[in-house]
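Below is one structure, written out as structure tokens; comments come after it.
Start at 1 with the first residue, then count along the sequence.
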Amino acid sequence: MESSRTYRTNAIVLRRINVGETDRIVTLYSREKGKLSAVAKGARRPLSKLAAATEPLTYGKYFAAAGRELDVITQAESQASFPSIRRDLDRIGHATYLVELVNAMVEERDPNYELFDTLLSALYLTDGGADPEIVARYFDLQMMSMTGYRPELDVCVRCGSSPKQNGITFSPSLGGRVCDTCAPLPDDVLYLSSESVAAMKKLIAAEAREVAATTLPQPVKDEIFNAIRWYVRYRLDRDLKSSEFIQSIATERPSGKD
């Protein structure tokens with residue numbers, strides 16, 4: 001039976017920090033409690049029962065006690081460790097991006113069941129063989145929609161008009177489309193092709209089960225990634241480390257890969 005101080009929760013490990021000789025501080029994204037930090041005492045000891053369940057990119061069930069500054073994990077049971085992600089550099093880069101984005105964007109103790117379920121679905125999709133780039137862009141756009149940051153792709157964010165051209169000029173700082181008549185254009189505008197705009201709209205409207213079957217040409221994926229990277233950077237005032245890692249992988253991608 002749970003007391004007023006103890007609780008159980010389903011959560012995804014966003015990050016962990018080693019402290020002392022044997023302990024870890026773990027950042028969890030919990031379905032029931034939102035983002036929280038907890039100490040896992042002895043998790044780094046050989047044969048510790050907490051070791052596997054406190055690794056990043058693990059989905060598990062956690063039993064914890066509320067603390068004054070940090071909660072204390074007393075028991076943990078791993079539900080999914082996503083082994084296919086861990087065996088592939090591209091997949092682990094994009095999965096790390098997902099959890100780093102959540103850690104950076106969400107507030108402590110602010111549960112969002114829909115966002116949690118979408119993150120978990122994205123990890124399962126990435127582990128199950130879906131294109132990790134498309135899964136990441138799906139998650140980007142879904143998360144932005146859920147948290148009030150959905151980019152405006154249909155009308156000009158300045159004047160509200162609906163320009164007729166298929167491709168758009170997109171301003172990360174203003175949060176969406178800017179028409180040519182609203183001069184001067186912001187310094188940060190990017191051009192998005194009609195194919196990229198259509199793909200972004202499709203991913204905003206998509207269900208998770210549809211993402212695994214979605215394919216996009218590499219130039220479209222690159223264009224969307226660049227726009228969203230700047231969009232996120234503007235809101236965080238910094239780049240995500242995983243974005244830099246993903247970009248370094250992309251520079252080594254053989255030309256012509258779709």
Which heavy-atom pair separates A53 from S78 by the least distance, and what is that distance?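 A53 and S78 have their closest heavy atoms at CB-N, 4.0 Å.
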Which heavy atom in S30 sits nearest to a heavy atom in L36, and how many Å separate them?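 Between these two residues, the closest heavy atoms are CB-CD2, 4.2 Å.
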Thinking salt bridges, do [X] and [Y] make one under a 4.0 Å N-O criterion?
{"X": "D127", "Y": "R91", "result": "no"}
{"X": "R31", "Y": "D117", "result": "yes"}
{"X": "R24", "Y": "E55", "result": "yes"}

Out of curiosity, [X] [atom1] to [Y] [atom2], how far, rounded to the nearest 0.5 Å?
{"X": "R177", "Y": "C182", "atom1": "CZ", "atom2": "SG", "answer": "11.5 Å"}
{"X": "T58", "Y": "Q79", "atom1": "OG1", "atom2": "CD", "answer": "11.0 Å"}
{"X": "L50", "Y": "K41", "atom1": "CG", "atom2": "NZ", "answer": "11.5 Å"}

Same cluster (ILVMFWY, side-chain, under 4.5 Å), L89 and L98: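 Same cluster.
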Please confirm whether the backbone N or O of E210 pairs with a side-chain atom of E207, one donor and one acceptor, at under 3.5 Å?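 Here the side-chain-to-backbone pair does not exist.
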Quick test of your reading: applying side chain to side chain donor-acceptor pair (under 3.5 Å), list the pairs with at least one residue in residues 137-148, sequence neighbours left out, ordered by first then second residue.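 Qualifying pairs: Y97-D140, R137-D140.
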Are Y124 and F82 an aromatic pair by the rule of ring centers under 6.0 Å?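 Under 6.0 Å, so yes.
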Tell me, please, which residues at least two apart from T214 pass side chain to side chain donor-acceptor pair (under 3.5 Å).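 In terms of side chain to side chain donor-acceptor pair (under 3.5 Å), with neighbours along the sequence ignored, T214 is linked to no residue.
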